[in-house]
**Student:** 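Provided herewith is a single structure, encoded as structure tokens, for subsequent inquiry.
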Amino acid sequence: MKIAIINGPNLNLLGRREPDKYGTLSMENILADLHRDNPDIELSYHQSNHEGEIIDTLHRLGYDEPVDGIVLNAGAYTHTSLAIADAIAAIPVPVVEVHLTNIFARETVRHTSLIAPVCRGSISGFGAKVYQLAVSALSL
């Protein structure tokens, strides 16, 4: 099984950015744990601060280099990007939306996800564990 993880804007700063909100683990730490806990799953990782690159990655993983599932933390694009929602809807690969924080306990603008309606499911509020929960859900 192949699962891709895509992180959006500012998530390249995990472990350093607002550790009280996002935790102290870097994405490298999270990926090491995912590889250790899922030895039978081929995991790939992609991160971009640019909306178009995220869309291009979704298209590529949906058609040109297909995977069995995608874990997507679109960051703030979750609440603003119809283009990313359209890219998810355009591909046949199931996508699980994740957020480290509980988006419903944050600012009102973060309570609406434009991508949730086109995702298989959404997981938020469990810190770095959201990635493992999403991988588990996709591997059922």
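Computation of the quantities below employed the complete heavy-atom set of this structure, encompassing side-chain atoms and omitting hydrogens, waters and symmetry-equivalent molecules.
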**Student:** Transitively linked via ILVMFWY side-chain contacts under 4.5 Å: L11 with V95?
**Tutor:**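 The answer is no; the residues belong to distinct hydrophobic clusters.
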**Student:** Is a side-chain N or O of H99 found less than 3.5 angstrom from the main chain of G125, in a donor-acceptor match?
**Tutor:**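 No, H99 side chain to G125 backbone: no donor-acceptor pair under 3.5 Å.
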**Student:** Out of curiosity, does F104 fall in the hydrophobic cluster containing V130 (side-chain heavy atoms, cut-off under 4.5 Å, transitive links)?
**Tutor:**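 No, it is not one cluster - the side chains of V130 and F104 are not joined through contacts under 4.5 Å.
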**Student:** Is the closest side-chain heavy-atom distance between N10 and R17 below 4.5 Å?
**Tutor:**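 Side chain of N10 against side chain of R17, heavy atoms only: contact under 4.5 Å found.
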**Student:** Taking T78 for its side chain and G75 for its backbone only, find out whether a donor-acceptor pair lies under 3.5 Å.
**Tutor:**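 Yes.
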**Student:** Judged by modelled atom types alone, do T57 and E53 share a side-chain donor-acceptor pair under 3.5 Å?
**Tutor:**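 Judged by distance alone, the side chains do not pair up.
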**Student:** Whether the side chain of H79 engages the backbone of S113 through a donor-acceptor N/O pair (distance < 3.5 Å, no angle test) should be reported.
**Tutor:**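 Not confirmed, H79 side chain does not pair with S113 backbone.
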**Student:** For V118 versus A89, what's the shortest heavy-atom pair and its separation?
**Tutor:**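 Minimum heavy-atom separation between V118 and A89: CG1-CB, 3.8 Å.
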**Student:** Hydrophobic cluster membership, with links at side-chain heavy-atom distances under 4.5 Å among I/L/V/M/F/W/Y: are Y45 and L100 in one?
**Tutor:**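 Result: yes, single cluster for both.
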**Student:** First locate atom CD1 of I55, then atom CD1 of I6, and finally report the distance between them rounded to the nearest 0.5 Å.
**Tutor:**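 One gets 11.0 Å once the value is rounded to the nearest 0.5 Å.
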**Student:** When you group the ILVMFWY residues by side-chain heavy-atom contacts below 4.5 Å and let the links chain together, are M1 and L72 in the same group?
**Tutor:**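 L72 does not cluster with M1.
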**Student:** Counting neighbours of CZ on F126 that are heavy atoms of other residues, nucleotides or ligands and sit closer than 6.0 Å, is the number greater than 12?
**Tutor:**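 Counting neighbours around CZ of F126, 12 or fewer heavy atoms of other residues, nucleotides or ligands fall under 6.0 Å, so no.
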**Student:** Taking side chain as C-beta onward, heavy atoms only, is L138 less than 4.5 Å from I41?
**Tutor:**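 No, every pair of side-chain atoms sits at 4.5 Å or beyond.
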**Student:** Is the backbone N or O of S81 less than 3.5 Å from a side-chain atom of E51, with the two atoms forming a donor-acceptor pair by type?
**Tutor:**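 Absent.
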**Student:** So does I3 get a backbone contact from the side chain of D68, meaning a donor-acceptor N/O pair under 3.5 Å?
**Tutor:**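 Judged by distance alone, no pair lies under 3.5 Å.
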**Student:** Can you hop from I70 to I54 via hydrophobic side chains spaced under 4.5 Å?
**Tutor:**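 In one cluster: yes.
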**Student:** Applying the side chain to side chain contact (heavy atoms under 4.5 Å, CB included) test to V135, which of V98, V96, L43 qualifies?
**Tutor:**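 The single option meeting the side chain to side chain contact (heavy atoms under 4.5 Å, CB included) with V135 is L43.
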**Student:** Working to the nearest 0.5 Å, report the span between CD of E18 and OG1 of T101.
**Tutor:**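 Separation between the atoms: 9.5 Å.
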**Student:** Where is the tightest heavy-atom contact between R106 and Y22, given as atom of each residue plus distance?
**Tutor:**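 That closest heavy-atom pairing would be NH1-OH, 3.1 Å.
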**Student:** Assess, by modelled atom type and distance only, whether the side chains of S44 and H46 contain a donor and an acceptor separated by less than 3.5 Å.
**Tutor:**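 S44 vs H46: donor-acceptor pair found between side chains.
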**Student:** At their closest point, which heavy atom of A76 faces which heavy atom of P9, and how far apart are they?
**Tutor:**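 Reported closest heavy-atom pair: N-CG, 4.4 Å.
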**Student:** Below 4.5 Å, heavy atoms only, C-beta onward: do D64 and H59 meet side chain to side chain?
**Tutor:**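 Heavy-atom side-chain distance check fails, nothing below 4.5 Å.
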**Student:** For the side chain of N29 and the backbone of L25, is there at least one donor-acceptor N/O pair under 3.5 Å apart?
**Tutor:**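 No: the side chain of N29 does not pair with the backbone of L25.
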**Student:** Quick one: do T80 and I84 satisfy side chain to side chain contact (heavy atoms under 4.5 Å, CB included)? Show the steps, please.
**Tutor:** CA-CA 9 Å; T80 63; I84 290 176; over 6 Å; no
**Student:** Checking side chain to side chain contact (heavy atoms under 4.5 Å, CB included) between M27 and each of N73, I5, L13, which is the one that passes?
**Tutor:**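 Exactly one candidate clears the test, I5.
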**Student:** Distance check, rounded to the nearest 0.5 Å: N102 atom CG versus S124 atom OG?
**Tutor:**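 Answer for the CG-OG pair, N102 versus S124, is 4.5 Å.
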**Student:** Hydrogens and angles aside, do N7 and Y131 bring a side-chain donor and acceptor to less than 3.5 Å of each other?
**Tutor:**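 Yes, a side-chain donor-acceptor pair sits under 3.5 Å.
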**Student:** Please test D33 against I30 for side chain to side chain contact (heavy atoms under 4.5 Å, CB included), starting from the C-alpha separation and ending with a verdict.
**Tutor:** CA-CA 5 Å; D33 290 345; I30 295 167; 5.8 Å; no
**Student:** Between L61 and V93, is any pair of side-chain heavy atoms under 4.5 Å apart?
**Tutor:**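 Side-chain contact under 4.5 Å: no.
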**Student:** Got a second to check how far E97's CD is from I123's CD1, nearest 0.5 Å?
**Tutor:**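 Here the rounded value is 9.5 Å.
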**Student:** Could you grab the distance from atom CG of L140 to atom CZ of R120, nearest 0.5 Å is fine?
**Tutor:**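 L140 atom CG to R120 atom CZ measures 9.5 Å (nearest 0.5 Å).
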**Student:** A74 and I115: which non-hydrogen atoms are nearest, and at how many Å?
**Tutor:**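 Of all heavy-atom pairs spanning A74 and I115, the closest is CB-CD1, 4.1 Å.
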**Student:** Rounded at 0.5 Å granularity, tell me how far CG in L114 sits from CD1 in I88.
**Tutor:**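 Answer for the CG-CD1 pair, L114 versus I88, is 10.0 Å.
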**Student:** With side chain to side chain contact (heavy atoms under 4.5 Å, CB included) as the criterion, how do R36 and N38 come out once you've worked through the C-alpha distance, each side chain's angles and the decisive distance to 0.1 Å?
**Tutor:** CA-CA 6 Å; R36 182 196 66 228; N38 301 281; over 6 Å; no
